[in-house]
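Notes follow once the structure below has been shown.
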Amino acid sequence: MCGIIGILGKTGVQDRIVDGLSRLEYRGYDSAGVAIMSDAKVSVSKAVGKLSNLKTDLARKSLVGRVGIGNTRWATHGAANTVTADP
């Protein structure tokens, strides 16, 4: 089962999106990703496996913006990798 969270905020949304995905963590999934928009640019971070892998990636390269979406994916088709990970 997949989980999706989107936030339109007054301040940075990265941490709140990851927190929302953490609340969905009991569901089965094989990858997770975050896309955050700043001005007209969308930055994306994706990871295979548990949400902790995405958190590690985001600790290295924080995504800045007030609009974003996060997703956990349960692969019903395609391999579990960063190419097929959502969003």
Side-chain angles (χ1 to χ4, degrees):
M1 181 174 291
C2 298
I4 300 171
I5 183 168
I7 297 177
L8 170 60
K10 294 182 180 182
T11 61
V13 296
Q14 174 185 295
D15 292 341
R16 289 183 286 162
I17 290 173
V18 173
D19 180 58
L21 292 177
S22 294
R23 294 171 189 249
L24 301 172
E25 197 163 16
Y26 71 92
R27 300 175 185 202
Y29 62 90
D30 58 27
S31 60
V34 175
I36 296 180
M37 187 170 73
S38 180
D39 298 321
K41 181 183 176 196
V42 177
S43 300
V44 177
S45 179
K46 300 178 182 185
V48 176
K50 296 292 182 188
L51 190 56
S52 60
N53 297 337
L54 179 63
K55 289 178 182 180
T56 299
D57 189 49
L58 290 171
R60 287 183 293 209
K61 60 170 187 177
S62 183
L63 306 182
V64 178
R66 298 183 310 119
V67 178
I69 187 168
N71 193 83
T72 57
R73 176 182 183 258
W74 179 262
T76 56
H77 62 281
N81 57 45
T82 55
V83 173
T84 61
D86 297 325

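Any value given below was found using the heavy atoms of this structure, including those in side chains, with hydrogens, waters and symmetry copies removed.
At least one side-chain heavy atom of Thr11 sits under 4.5 Å from a side-chain heavy atom of Arg16. No side-chain heavy atom of Thr82 sits under 4.5 Å from any side-chain heavy atom of Ser31. You'll find the side chain of Asn53 stays beyond 4.5 Å of the side chain of Val48, heavy atoms only.
Applying the salt bridge (charged side-chain N to carboxylate O under 4.0 Å, His left out) test to every pair with at least one member in residues 55-64, sequence neighbours left out, gives these pairs: Asp57-Arg60, Asp57-Lys61.
The structure places CG of Asn71 at 10.0 Å from NZ of Lys46, a figure rounded to the nearest 0.5 Å. Here the CG atom belonging to Leu21 is positioned 9.5 Å from the CD1 atom belonging to Ile69, to the nearest 0.5 angstrom. To the nearest 0.5 Å, the span separating NZ on Lys41 from CD1 on Ile36 amounts to 12.0 Å. One finds the CG atom of Leu63 at 5.5 Å from the OG atom of Ser43 (value rounded to the nearest 0.5 Å). The distance from atom CG of Asp19 to atom CD1 of Ile5, rounded to the nearest 0.5 Å, is 7.5 Å. How far CD1 of Ile17 is from CD1 of Ile4: 12.0 Å, rounded to the nearest 0.5 Å.
Of the possible donor and acceptor atoms, one in the side chain of Thr72 sits under 3.5 Å from a partner among the backbone N and O of Gly3.
For the residue pair Ser38 and Gly65, the shortest heavy atom distance occurs at CB-CA, 4.2 Å. Across Lys10 and Arg66, no two heavy atoms sit closer than the pair O-CD, 3.4 Å. Of all the heavy atoms in Tyr29 and Trp74, the pair that sits closest is N-CE3, 3.3 Å.
The cluster map of Ile, Leu, Val, Met, Phe, Trp and Tyr, joined by side-chain heavy atoms under 4.5 Å apart, puts Ile7 and Val34 in the same cluster.
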Please walk me through it: do Ser62 and Gln14 pass side-chain contact (heavy atoms from CB on, under 4.5 Å)?
CA-CA 8 Å; Ser62 183; Gln14 174 185 295; 3.5 Å; yes
